[in-house]
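Reviewing the structure listed below.
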Amino acid sequence: MPHRQVHLDIAKPLGPMTWPMGLTFLRLLLLPVFLWLLLAEVPYAAEGKHGYRHAAIAIFAVMAITDKLDGYLARKLNQASKLGALLDPVADKLLVASSLVLLSFETIAGAEYAIPIPVVVTVYAKDVALTTGALVLLIITGKVSIIPRIAGKLSMVIQSALVLATLLAVDLRSAGEGIVFPLLTTLRWATVCIAIVASVDYFVQGWRQFRNRH
């Protein structure tokens, strides 16, 4: 994901459509396809068939590639825009957050691999707090600077890794019994801890913007 600083001002336009932005919209269009494939897997998983899940993993890979490609094109073609910088993290958030929710259901992820509800709640609490804080700051001051932070970037990477590891859990288990559960446990704890750190970090940054609003 191309991490760009975003400055939002309610009095200014966000900019024209660009090729990188088109790739971001493509990811948004692929999202319901990815989610449908996960849901379509359910009736066949009990029979040991995982074609839909493998297709979902392929879509996830395509979305990850386009995520990197739109950042490259934005720099190469000098087509970085405020709208693209805003929508790019939104597309990523929608993908990861919705995946975490679906994979918390045993019928979708499998009884042994389902992501624990506290992990999902922690991630959503961080995103809700960040969004609410940004909106409040925008209403009060008329603008807000959304600055990517190391903790926030790392949180998204770990969440994506947890989603991918959960999707691949069945295949990883067939490759080695002792790999899957230590990996999933580590990623779950890392997701929770880094989400908390990121929440505190963004709160500090928002408070500084509020204090320096004049």
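The model shown is predicted, which means the values in this text are computed figures rather than measured ones.
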Spacing of [atom1] belonging to [X] relative to [atom2] belonging to [Y], to within rounding of 0.5 Å:
| X | Y | atom1 | atom2 | result |
| --- | --- | --- | --- | --- |
| L184 | R188 | CG | CZ | 5.0 Å |
| L38 | I108 | CG | CD1 | 6.5 Å |
| L154 | I194 | CG | CD1 | 4.0 Å |
| L130 | Q205 | CG | CD | 11.5 Å |
| R211 | R208 | CZ | CZ | 9.0 Å |
| L183 | I179 | CG | CD1 | 8.5 Å |

Is a side-chain N or O of [X] found less than 3.5 angstrom from the main chain of [Y], in a donor-acceptor match?
| X | Y | result |
| --- | --- | --- |
| R27 | D92 | no |
| T185 | P182 | no |
| T132 | A129 | no |

Less than 4.5 Å apart, any side-chain heavy atom of [X] and any of [Y]?
| X | Y | value |
| --- | --- | --- |
| F60 | L95 | yes |
| V180 | E112 | no |
| H54 | D171 | yes |
| I59 | L37 | yes |

Give me the atom names and distance for the closest heavy-atom approach of [X] to [Y].
| X | Y | value |
| --- | --- | --- |
| D127 | K93 | OD1-NZ, 3.1 Å |
| A151 | V197 | CB-CG1, 4.1 Å |
| R53 | L168 | NH1-CA, 4.2 Å |
| L172 | A165 | CD1-O, 4.3 Å |
| S98 | L31 | OG-CD1, 3.8 Å |
| T122 | A195 | CG2-CB, 3.9 Å |

- Test ring pair (Phe, Tyr, Trp, His ring centres under 6.0 Å) applied to Y113 - qualifying residues, sequence neighbours left out: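 Y113 satisfies ring pair (Phe, Tyr, Trp, His ring centres under 6.0 Å) with F181 only.
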- Message: Looking at I140, I want to see if its CD1 is surrounded by more than 12 non-hydrogen atoms of other residues, nucleotides or ligands under 6.0 Å.
- Response: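 Yes, enclosed.
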- In terms of heavy-atom contacts, does OH of Y124 have more than 12 from other residues, nucleotides or ligands at under 6.0 Å?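 Atom OH in Y124 is crowded, with more than 12 foreign heavy atoms closer than 6.0 Å.
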Can you get from [X] to [Y] by hopping between Ile, Leu, Val, Met, Phe, Trp and Tyr side chains that sit under 4.5 Å apart?
| X | Y | answer |
| --- | --- | --- |
| V120 | L167 | yes |
| V121 | L103 | no |
| I65 | L164 | no |
| W36 | F34 | yes |
| L137 | L135 | no |

- Message: Check this for me: does any side-chain nitrogen of one of K126 and D201 sit under 4.0 Å from a carboxylate oxygen of the other?
- Response: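 Judged by the 4.0 Å cut-off on N to carboxylate O distance, K126 and D201 do not form a salt bridge.
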- Message: Going by side-chain contact (heavy atoms from CB on, under 4.5 Å), V123 matches just one of L100, I115, V128, L162. Which one?
- Response: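 Result: among L100, I115, V128, L162, L100 is the only option passing the side-chain contact (heavy atoms from CB on, under 4.5 Å) with V123.
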